[in-house]
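Start at 1 and go down the list; that is how both ligands and their atoms are numbered. Keep in mind that this is a model prediction, so the values were computed, not measured.
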Amino acid sequence: MINLITIRELSETQLQKFLSHSFQIKKNPEQFSQALKGKNILQFFVENSTRTKLSFETAVKKLGGANIAFAGGASSMSKGESLLDTVQTIQQYGVDAMVMRHSSGGAIDWIAKVSGLRVINAGDGQHEHPTQALLDAFTLMEQWKLPAEEANPLAGKKIMILGDVLHSRVARSNIHSLTKLGAEVTLVAPKTLLPSDLSLFPQVKVLHRLDTPSGKEELADVDAVMVLRLQLERQKGAFFPSSGEYRHFWGLTRERAALLKSTAVILHPGPMNRGIEIDSEVADSKQSLILKQVENGVWVRMSALMGVFE
Ligand code: NCD
């Protein structure tokens, strides 16, 4: 394995191998404390990040490697230096692998090809965010005590992905990952916030409203709801009338969360818009796994980093 750019291109076996390895790492991280000894990992973030960036840096440290930090806004890219010139320049300092985030879908795949570096995608535009999908699957399987090694470990589980699917790389990677792992996935979003062509995701069910009988039935039936951030920075135009209206129709409010089974769990990749796509009370409730997701991000990213050196 050299690169981790998409979940779509991973086989079920490769996906399960990453997850199974992540469980092994979480059980005994010390065992891997020298795995990246002598390796320099470039953290190349050309789009803002809190969780993903810090968890990758933490993962490198726990594996005994060294981080080379890079922040797009504070670099010569702000003077007009191209992406390729920037990467080729940093490569001269001795880089063994690169973790990269970029606001353009496809930019990471291209850089991987032209630089020849081992690359992990930490989120490219609206395209994919593979390690987020890995940590989400990991968190669900841990919660439900499901083994990563058996075929279709999420078979029989119903997962709702709620919100701004159109702009969400988290949704795209998760649809691929959850369906490959055997789960049933329902997307709930206004028509304007869904990709116009859903033929890439033939296995998913789609609903537009939560307050209809079928919407309420779905809420009462699912084992997990993954709430997506409303990605205002990627919206060029009006996709819905106002944030208040968005919450009214598509937010995971306290009232809607009360319809969930008591065993159902709630995920959100962060950062949250509290009071818009999710009520604070719901985000902080006992059913929420949001901070667990953050913690588990370190273990799956350790697995991803080791994976690119295999
Ligand atoms: C996500 C991202 O950047 O794609 N955040 C994250 O990595 N935890 C989701 C988002 O920004 O909405």
Between Glu57 and Lys61, does at least one N-O distance fall below 4.0 Å, as a salt bridge requires?
no

Just by distance, no angles: are the side chains of His129 and Arg101 close enough, under 3.5 Å, to form a donor-acceptor pair?
yes

CZ of Arg274: more than 12 outside heavy atoms within 6.0 angstrom?
yes

Which of the ligand 1 atoms, numbered from 1, are nearer than 4.0 Å to a heavy atom of Arg229
10 (C), 11 (O), 12 (O)

For ligand 1, which atoms, with element, lie under 4.0 Å from some heavy atom of Arg101?
2 (C), 3 (O), 7 (O)

Any idea which atoms of ligand 1 are less than 4.0 Å away from a heavy-atom of Gln132?
6 (C), 7 (O), 8 (N)

Tell me, do Arg229 and Pro269 make a side-chain contact under 4.5 Å, heavy atoms counted?
no

Compute whether any side-chain donor of one residue and acceptor of the other, for Thr253 and Arg247, lie under 3.5 angstrom apart.
no

Check if Gly270 has a non-hydrogen atom at a distance under 4.0 Å from any atom of ligand 1.
yes

Ring-plane angle category for Phe239 and His167, please: parallel below 30°, perpendicular beyond 60°, tilted otherwise.
perpendicular

Note: ligand 1 atoms sitting under 4.0 Å from heavy atoms of Val170 are 1 (C), 4 (O), 9 (C)

Any atom of ligand 1 sitting under 4.0 Å from a heavy atom of Ser168?
no

Pro271 heavy atoms, cut-off 4.0 Å: which ligand 1 atoms fall inside?
11 (O)

Would Glu47 count as a contact residue for ligand 1, given that I'm defining contact as a non-hydrogen atom of the residue lying under 4.0 Å from a ligand atom?
no

Within a distance under 4.0 Å of any heavy atom of His129, pick out the atoms of ligand 1 and give their elements.
2 (C), 4 (O), 6 (C), 7 (O)

With the threshold set at 4.0 Å, does a side-chain nitrogen-carboxylate oxygen contact exist between Asp223 and Lys158?
no

